[in-house]
Every structure is written in C-alpha cells, then in structure tokens.
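Here's the structure we're looking at; comments come further down.
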2 protein chains.
Amino acid sequence: MKIGALSTKTGLSIQAIRFYERKALLSAPERTQSNYRSYSDVALKQLMFIKQCRALDMTIEEISLVLQARANPDNSCAEVNATIDKHIADIEHRVDELKALQSTLISMRSSCTIDTKIKECGVLHKLDNIVEMQATYKK
Amino acid sequence: MKIGALSTKTGLSIQAIRFYERKALLSAPERTQSNYRSYSDVALKQLMFIKQCRALDMTIEEISLVLQARANPDNSCAEVNATIDKHIADIEHRVDELKALQSTLISMRSSCTIDTKIKECGVLHKLDNIVEMQATYKK
DNA sequence: CTTGACCCTATACTTGGTATAGAGTTTACA
DNA sequence: TGTAAACTCTATACCAAGTATAGGGTCAAG
Ligand SMILES: [Zn+2]
Ligand SMILES: [Zn+2]
Ligand SMILES: [Zn+2]
Ligand SMILES: [Zn+2]
C-alpha cells in the first residue's frame, strides 16, 4: 500500500503521515525501487491508534509514551494509566481556566447592553480597568 | 522610558513588547539618538490594555479589531461588542469540545481500575476500538 | 509519447511568543 | 580615563501539530 491509499483509509493527510514518521510515532516503512513508501496493515492500525489519541487531544509526546508502553505487552500498564490520568488533568485544568475567562467576559459584556459610542462603552472601560485577571494558559 | 522599564512596569517581556510592535498592536515609538525605543505613558496604557485582552485569551487579530474601533471615540461600539460576543462563543465552543473529550477519556480510563499487563489493559483496548470520536478542535 | 495522477524531499507558513547570537550603547565605579 | 556590567539593537531559530507549496522523479493509460 502506498501513502495515498493509506491516507484515504485512515483519513489522515499524506503530510500528516510523513509528519508522524518524522516524529517517530510511526516507524519508517519499506521503500519500493523508486523510493516510494510501502506500508503494511500494521502501519494502518498504528495510524488509526494515533488518530484516536489525537482526537482525544493528546500531544505527540503523550502518544509517544503510550506507544512505547504498548510495545512490550508483558509490562504493567501503570505508565499508560499515569499518562491518561495526567492528560485528563490537563483537560480539566484548561476547562477550569476557560470557564473563569468566560465568566469574566460575560460580566464585562453585560456592561454594554445598548450600543453606544466608543468613549462611553462599558466594555472598553472594563477592559481598561479590570485588575485581577485570570492567568492565561501556559503549558 | 526605555523598553526595559516598560517591561518591568507592564510585566510583559521585552520580546513580547517588540512582538506587539511588529504585529502593529503597538505603534512604533520614537527612537533615541542611539536607536533605542523611547516610550511615553500612552504606550504603557496601550500595553496594559493588550495584556488584559490576552489574559482573556483574545487572539492578536481580535485585539487588533478592538484597538481599531477604540481609536475613534465617536464611533458606535457595535463592532467591539460583536468581537467580544464572537470571542465568548469561541471559548464556549472550546469548553464544549473539551468536556466531550473529558467524558470519553474518563469512561475509557475506568476500564482499567487495577494495573494489569499491557496486553490485557482495558484502556489500550478501548483506544484501539473506540469508533465514534469527538472531532478535534479546528479553528 | 505525452498527459495526468501519483510520489519524493525540502522549505516556508501558521500562533504567540521565547531564546539565543553578535553587535553597539550607556552607566557605574575605581 | 578605563573598563566592566547592564542595557539595547536586529536577525534568526525554536516550540506544537501540522498545512501548503516548489521543483523534481515515477507510473499508468490513451
Ligand atoms: Zn495532555
Ligand atoms: Zn459598548
Ligand atoms: Zn476568540
Ligand atoms: Zn490498564
């Protein structure tokens, strides 16, 4: 199977597949005489696994950890669970931050119910004055 | 005031200040004989405004829109309000996506309560099998 | 035998900055 | 006055997670 077929089957772009190879999530495939990548069904499964992880918003690094753990089937899955737990916490943290921003924004927005002039706009005045702001998300 | 003092007063890094200048959020300041940037208190206020907007997770583009509107005080603030409303919707959308991911992750994680071997791990089996996944966030 | 559909590598672009390198400038202190 | 520290300048590279090109090579059909 060449990369175009793999792209169609997985729904991932050709560039994304090559990108995952560069990032070592996917091992480099055999090449044809003309230097084309030639994939087996193992690569297809691997890519679908990666796609699932990305759909869960896991980072490349997190996926890499899970894939490494998955590679030796007799090991304990404790590390996988730790990675997933951390990722769940990552998302929870981000949700909390966004909710805090949301409530600040909504209260700010409520200070201008009827459109008026810029110089009298409550929203802009609040943007000038709000003192304690929520921290921006920093990884 | 030189850039270092401005950085201290605003709490923004020197590079961030120059970055905002490149992005035209902050107009290019006067220069001293030796080509050092020389700022007035107007720039300080402008930067604090930008900082507030970033703390609310607004994009550079959104901030740019608000700053343009703010520049002519007799205009209506309708555009500012539209920008803020859109941004509130942006955040709500992202929160919804993350919550959906969260519940998928938690249900997945619950399929491995006691650490076992990789090949028997419910989490990994689910990662292989989950079919309908939430869409990844695409701006 | 040439056109179109593939594939290859390498590079630039995105966002919101951060972190250098290598150079010039100003300030403090002896 | 000398010099060393602290400051500033531009330009460039880097981060995530890819996308989008340019400029080439390869393969099948008509
Ligand atoms: Zn994570
Ligand atoms: Zn208003
Ligand atoms: Zn927004
Ligand atoms: Zn397990």
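We name chains A, B, ... by the order of the sequence lines, and we start the count at 1 in each one. No hydrogens, no waters, no symmetry mates; every other heavy atom, side chains included, goes into these values.
- Tested against A:K86 for a salt bridge (charged side-chain N to carboxylate O under 4.0 Å, His left out), the candidates A:E62, A:E61, A:E92, A:E79 yield a single pass: A:E62.
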task: Take B:T104 and B:L101 through the side-chain contact (heavy atoms from CB on, under 4.5 Å) test and state the conclusion after the steps.
output: CA-CA 5 Å; B:T104 304; B:L101 294 184; 5.7 Å; no
Pairs under 3.5 angstrom, nitrogen or oxygen only, protein versus nucleotides 24-29 of chain D, please.
{"unit_1": "D:dG25", "atom_1": "N2", "unit_2": "A:Y36", "atom_2": "OH", "d": "2.7"}
{"unit_1": "D:dT26", "atom_1": "O4'", "unit_2": "A:Y36", "atom_2": "OH", "d": "3.1"}
{"unit_1": "D:dC27", "atom_1": "OP1", "unit_2": "A:S34", "atom_2": "OG", "d": "3.2"}

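- Linking Ile, Leu, Val, Met, Phe, Trp and Tyr whenever their side-chain heavy atoms come within less than 4.5 Å leaves B:L65 and B:V80 in two separate clusters.
- Sorted by first then second residue, the salt bridge (charged side-chain N to carboxylate O under 4.0 Å, His left out) pairs that include residues 13-35 of chain A, not counting sequence neighbours, are A:E21-A:R37.
- As a whole-Å value, the separation of B:I17 CD1 from D:dC7 P is 14 Å.
- Pairs of residues two or more places apart, or lying in two chains, that qualify as salt bridge (charged side-chain N to carboxylate O under 4.0 Å, His left out) and include a residue from residues 68-77 of chain B are A:K119-B:D74, A:D128-B:R70.
- When the C1' atom of C:dT26 is taken as reference, atom CG of B:N35 falls 14 Å away, rounded to whole Å.
- Of all heavy-atom pairs spanning B:T32 and B:S38, the tightest one is CG2-CB, 4.1 Å.
- Following rounding to the nearest Å, B:E30 (CD) and D:dT8 (P) show an atom-to-atom distance of 17 Å.
- A continuous path of hydrophobic side-chain contacts links A:I106 to B:I84 [ILVMFWY only; heavy atoms under 4.5 Å].
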- prompt: Could you write nucleotides 11-17 of chain D as a row of B, S and -, 5' to 3', where a protein heavy atom under 4.0 Å of any base atom gives B, of only sugar-phosphate atoms gives S, and otherwise -?
  reply: -----SB
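- Using a 4.0 Å cut-off between a side-chain N of Lys or Arg and a carboxylate O of Asp or Glu, A:D96 and B:K99 do not qualify as a salt bridge.
- When rounded to the nearest whole Å, the span between CG of B:L26 and P of C:dG16 equals 16 Å.
- Note that the two end axes of the helix from C:dC1-D:dG30 to C:dA30-D:dT1 enclose an angle of 30°, each drawn from 5 base pairs, rounded to 10 degrees.
- Look at A:R37 and you'll find a side-chain N or O under 4.0 angstrom from OP1 or OP2 of C:dC8.
- Although no hydrogens or angles enter the test, the distance criterion places no donor-acceptor pair under 3.5 Å between the side chain of A:H87 and the main chain of A:T83.
- Taken together through direct or relayed side-chain contacts under 4.5 Å among Ile, Leu, Val, Met, Phe, Trp and Tyr, B:L44 and B:Y36 form parts of separate hydrophobic clusters.
- Applying the side chain to side chain donor-acceptor pair (under 3.5 Å) criterion to B:E120, with sequence neighbours excluded, gives B:T116.
- As a whole-Å value, the separation of B:E21 CD from D:dT10 C1' is 12 Å.
- Toward the 5′ end of DNA chain D lies the nearest nucleotide of B:R31, the other residue of the pair B:R31 and A:S13 mapping further downstream.
- With rounding to whole Å, A:M1 atom CE is found 16 Å from C:dC6 atom C1'.
- Summarising the geometry, the separation between CG on B:D90 and C1' on C:dT15 is reported as 14 Å, rounded to the nearest angstrom.
- Rounding to whole angstrom units, CD1 of residue B:I14 and P of D:dT8 are separated by 5 Å.
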